[in-house]
Structures are given as C-alpha cells and as structure tokens.
S.K.: 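Got a structure for you, questions after.
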Amino acid sequence: MKASTCKACGNVTFPYQPICSRCRGRNVEPVELRGNGRIVSYTVNYQYREGFERQAPQIVALIELEEGPKILGLLTDAEPEEVYEGQRVTAVLRRVSTDSYHGIIYYALKFRPVRDGS
Amino acid sequence: MERKVGIVGYGITKFGRRTDASLSELSWEAGAEAMRSAGIEGKEVKGLVVSNVGMWSSEELPAVVVGEALGVRNVPTLRVEAACASGSSAIHTAYDMIASGRADIVLALGVEKMHEVDTETAVELIGRAGNYMWEYEFFGLTFPGYYALHQTAYMKKYDSKEEDFALVSVKNHGYAQYNPYAQFRNPVTLEEVMKSKYVAWPVKLLDSSPITDGAAAVVLASSRVAKELTDTPVWITGLGVANGTSNLSRRRSFTSLEASVEAARTAYASANVDQSAPWKHIDVATVHDCFTVAEVMAYEDLNFAARGEGVKLLREGQTQVGGRIPVNLDGGLKAKGHPIGATGVAMAVEVSKQLLRKAEKGRQADIRNGRALTHNVGGTGHYAYVTIYEV
C-alpha cells in the first residue's frame with residue numbers, strides 16, 4: 001500500500017500522489033503503509049453486483065490506518081456478528097472477483113480482524 | 001445588485017413506475033402545468049434549465065427534447081447535473097440567469113426515467129456515486145452501503161437504535177397517503193419497517209427511497225414580471241451550496257454531512273435566518289431522506305436539533321404538523337419517490353404549495369412566518385443545496 005508523506009506538514013495521503021492532500025505542497029516522498037488499522041464504521045451489504053454473487057453478504061468497513069489515512073475495505077475471515085467499531089484489522093491479499101467469461105481472477109487487498117495470537 | 005427572483009408557477013407528475021410515458025411526455029405533464037399555472041406560453045420562456053442525471057436514459061440530449069415538447073425555442077438551453085441534487089442545481093442556475101439580468105422568465109424542469117433499466121443495473125449505476133476506483137470497483141459497495149456506514153457510526157456515537165430511524169419511514173409514509181402524486185401512498189407501521197429485509201445492515205428496504213420515474217417544473221421570474229403574473233409569488237431569499245470530497249473516507253465526520261452544514265450556514269446568512277434556532281423562523285421543510293439516517297443527520301446539520309438529538313426530535317413528533325418544524329409532509333424521498341434529477345424541483349413545488357396553503361388535506365403545515373426550506377443532497381454529501389423560500 002503505497003502512500004505519500006509530506007515533508008512539510010507530515011500529512012499522509014493514500015493512495016500515493018505527488019502533491020500533499022492537506023497543504024498542497026510538492027515536497028512529498030513515497031511511503032509503504034503497514035496495512036494495520038482499526039474499524040471506524042461498517043455495514044453488511046446484502047446487495048451485490050455481477051461478479052460478487054458468491055461473496056454476498058459482504059462486510060465493508062471504513063478503516064483508519066495507523067499511519068493516519070482512512071480507507072474503505074472489504075473484511076475477510078470474519079462473521080458479521082463478531083465485527084465491532086474499534087476492532088483491529090490488517091491487510092491481506094485476497095481474491096475480489098472473477099470474470100468467468102474472460103477467465104480473469106482479480107486480486108486486491110482485504111482486511112482480516114487481528115485476534116489474539118494471530 | 002442581484003435582482004429578486006420568485007416562483008410564479010409549478011407543476012408535477014404522478015411519481016412511480018411511469019413506463020406509460022416517455023421522457024418527453026413526462027416533461028410535458030409537469031412543464032405544461034407549470035406554465036399554465038403561471039399564465040404563460042412557451043414562447044415567453046427566455047431560458048430553459050433541465051436537470052436530469054440520465055445514465056439509464058435513452059435520451060442523450062434531454063434539454064432539447066423538453067424544449068421541443070413545451071414550445072420553448074431559441075433561448076439559452078442546458079442540462080445540469082449534481083447527482084440527486086440536480087433539481088436544486090437547476091433552480092439555482094435559473095435563479096442566476098434572472099438575478100443577473102439575462103432573462104426575466106426561466107423554466108427549471110427536472111425529469112428522470114429510472115425504469116428504463118432493470119433494478120440490478122440501476123443499483124450498479126447508483127453505486128458509482130462516490131469515488132469509482134477506490135470505493136466501488138474493487139469493493140462492490142452499493143449506494144445504501146455508504147449511508148449504512150453513517151448509520152452504524154451514528155448508533156455507536158449517540159443513544160439510538162434501528163427503531164429510531166424507522167420512525168422517519170413511518171412518518172413519511174403517513175403523510176404520503178395524503179399526497180396524490182406520491183409513489184407509495186400506503187402507511188407503514190414500525191413493525192413493518194423493522195421486519196423489512198436488510199439491504200446493507202443496519203439499512204433496511206423500508207429505510208430506503210425507491211427507484212422512481214417522474215418530473216417537476218417551476219417557472220421563475222424577476223420581481224417586476226412576477227408581480228405582473230401573480231399576486232402570490234414565492235420568493236427565493238436564501239441560497240447555499242457546498243461540495244464534499246468524492247472519497248467518503250476523506251471526510252472528517254460520519255455522523256454529519258459537512259456540505260449540508262456549510263450550505264445551511266450560507267443560506268441562513270443570505271436569508272437573515274437565526275443560525276442557532278432556524279426553526280423559529282421556518283414553518284416547513286423538505287429534507288433529503290434518501291435513507292432514514294439521512295433525514296436524522298439533516299435535522300442536526302440544519303440546526304433543527306443539537307448533535308445527537310435528531311432522534312429525540314422524531315420520538316417526540318416534533319417534525320410532524322404542529323411540532324417544532326414539520327418535515328417532508330409530501331412523503332419525502334422515501335414515500336413520494338426519488339426520481340433523482342427531478343427531486344430538487346419537486347421539493348420547490350412542495351414548499352410553494354405549503355407556503356400558499358395549497359397542500360392537500362391532512363398534510364398542510366401551519367404557515368406563520370411565511371418561510372420554508374429545502375435541503376437537497378447529491379451523493380453522500382458530495383453536493384448539498386439549501387434554499388429558502390418566502391411569501
């Protein structure tokens with residue numbers, strides 16, 4: 001997860017862009033985010049789009065990463081009843097959708113709850 | 001110095017599944033009624049602003065189609081878009097054309113035909129109302145999910161539960177039964193709302209506005225022409241607009257829409273309405289209840305209630321006729337329906353009827369100050385328009 005850190009104001013912008021999203025300064029450098037954060041809010045989505053049928057219902061969470069930026073992400077390896085605000089999560093690479101017509105499988109980052117011992 | 005602008009005529013179609021009428025025919029229904037009530041003909045209209053989101057629509061150039069249907073020719077004509085706030089953007093654009101002195105009579109018309117595609121396609125298209133790459137493409141999140149994130153955050157932060165939000169649906173369906181133009185005229189009970197299926201937890205089907213076809217139109221005129229046309233113009237005295245980040249995750253709050261707060265502040269200042277207790281000066285309001293949580297957040301963003309007390313206002317019935325400030329007496333987006341490009345104009349039609357005491361029996365507010373407010377949101381606070389009307 002590549003972001004940019006502003007050397008002038010310290011703000012972290014995700015995804016990476018060459019201009020700081022807070023002070024508009026250009027003195028930024030790329031930084032690799034660790035992928036750890038906490039859930040700010042979440043929903044269990046019962047609607048689904050083509051290609052997502054087998055994953056419904058999906059748990060979608062608004063996550064505040066420990067470096068500062070907030071992002072939207074899918075939860076994986078979690079049941080709706082065990083999710084809560086403030087829960088610690090970490091990014092893992094997972095399959096997000098499949099295109100059975102073209103035979104393409106798409107992978108992206110999802111977030112897995114951090115449990116004791118994991 | 002800006003010129004004063006007022007509404008001198010309005011028209012609206014029956015909302016719902018309107019596969020019986022084309023975009024042109026729907027626009028004619030609302031537009032011809034608006035011109036008839038203003039006592040004018042198409043050739044007197046000197047500007048035409050059409051709001052239409054239209055991603056599902058077969059008409060590529062809707063403003064031209066509307067002009068032809070209504071006999072409005074050789075005038076500045078354009079289509080405007082601000083997602084679900086498109087209708088308000090049409091009214092604000094028409095206002096600017098008149099206030100600047102460019103025209104004396106402008107027609108603002110909103111129209112949407114969402115049933116030209118099936119529900120799945122509509123859900124997919126509406127889901128893109130955010131940041132496409134970072135919130136939609138990989139996550140499959142649909143539009144109710146964006147508001148669900150707000151409701152979850154609200155329930156965590158303030159003393160409230162799903163039943164509190166369901167009260168919005170019960171209230172708005174209750175008033176829609178008296179509105180002959182509404183899509184759903186059936187009252188619903190708290191139990192029915194609570195038992196409806198989850199769309200995106202904690203948002204249920206009966207917390208959600210429907211897919212709707214419909215059109216609404218208002219004729220706007222400069223003060224000089226307005227006074228010639230009618231004894232009862234409805235003046236636009238306050239306007240506020242703001243925009244938010246495309247990316248929901250870049251917002252500071254998830255229990256409020258910052259764009260609504262900012263639009264309300266500007267509108268109250270321009271209409272000289274008390275920022276801290278605006279409800280003392282306003283008799284009736286329409287707010288953007290695309291989901292029930294959106295109405296609760298609107299109460300607080302508009303300062304009808306303090307932070308966290310929007311649900312209390314509902315529990316006490318303060319947003320019904322006779323309460324602190326009656327809200328969505330036309331049934332709201334929830335029950336009247338939400339043809340997204342037409343909604344903002346339909347709100348202007350509704351507050352005009354309310355201020356002129358022409359609302360149908362059972363849903364007329366007490367008009368004491370002669371002042372009303374419309375609040376229209378595009379996306380999830382991507383756009384917010386607040387407009388104040390006076391008689």
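Naming: A, B, ... by sequence-line order, numbering from 1 per chain.
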S.K.: From A:I59 CD1 over to B:W201 CH2, what is the distance, rounded to the nearest 0.5 angstrom?
M.R.: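 Answer rounded to 0.5 Å: 10.5 Å.
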S.K.: Rounded to the nearest 0.5 Å, how far apart are CE of B:M155 and CD of A:E85?
M.R.: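 Between B:M155 CE and A:E85 CD, I get 8.0 Å after rounding to 0.5 Å.
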S.K.: Sub-3.5 Å donor-acceptor pair from the side chain of B:T152 to the main-chain atoms of A:Y42, do we have one?
M.R.: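 It does hold such a pair.
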S.K.: In terms of heavy-atom proximity below 4.5 Å to chain A, should B:V199 be classed as side chain, backbone, both, or neither?
M.R.: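 It is both, since atoms from each part get that close.
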S.K.: Among residues two or more places apart or on two chains, list those pairs meeting side-chain hydrogen bond (donor to acceptor under 3.5 Å, both in side chains) that have a residue in residues 292-301 of chain B.
M.R.: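 Passing the test, one end in residues 292-301 of chain B: B:Y154-B:E300, B:K171-B:E295, B:N172-B:E295, B:D207-B:T292, B:S256-B:D301, B:E295-B:Y299, B:E295-B:N328, B:Y299-B:T319, B:D301-B:R307.
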S.K.: Would you say the side chain of B:T142 lies within less than 4.5 Å of the side chain of A:N45, judging by non-hydrogen atoms?
M.R.: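 Result yes, sub-4.5 Å side-chain heavy-atom pair found.
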S.K.: Could you pull out every donor-acceptor pair under 3.5 Å between side chains of residues 69-84 of chain A and any protein atom, sequence neighbours left out?
M.R.:
from, atom 1, to, atom 2, distance (Å)
A:D77, OD2, A:R94, NH2, 2.8
A:E82, OE2, A:E79, N, 2.8
A:E82, OE2, A:R115, NH2, 3.0

S.K.: Non-hydrogen contacts under 4.5 angstrom with chain B: give the residues of residues 9-34 of chain A involved, or none if there are none.
M.R.: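 Only A:T13, A:F14, A:P15, A:Q17 of residues 9-34 of chain A have a heavy atom under 4.5 Å from chain B.
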S.K.: Under the side chain to side chain contact (heavy atoms under 4.5 Å, CB included) test, which residues partner B:A166, sequence neighbours left out?
M.R.: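 Side chain to side chain contact (heavy atoms under 4.5 Å, CB included) list for B:A166, sorted by chain: B:L190, B:V193, B:M194.
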S.K.: Could you pull out the closest heavy-atom pair between B:A153 and A:S41, with the gap in Å?
M.R.: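 What the structure gives for the nearest pair is N-OG, 3.4 Å.
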S.K.: Are more than 12 heavy atoms, taken from residues, nucleotides or ligands other than B:R17, located less than 6.0 Å from that residue's CZ atom?
M.R.: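 Counting other residues, nucleotides and ligands, CZ of B:R17 stays at 12 neighbours or fewer.
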S.K.: Heavy-atom distance under 4.5 Å between the side chains of A:L62 and B:F254, does that happen here?
M.R.: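 Yes, side chains in contact.
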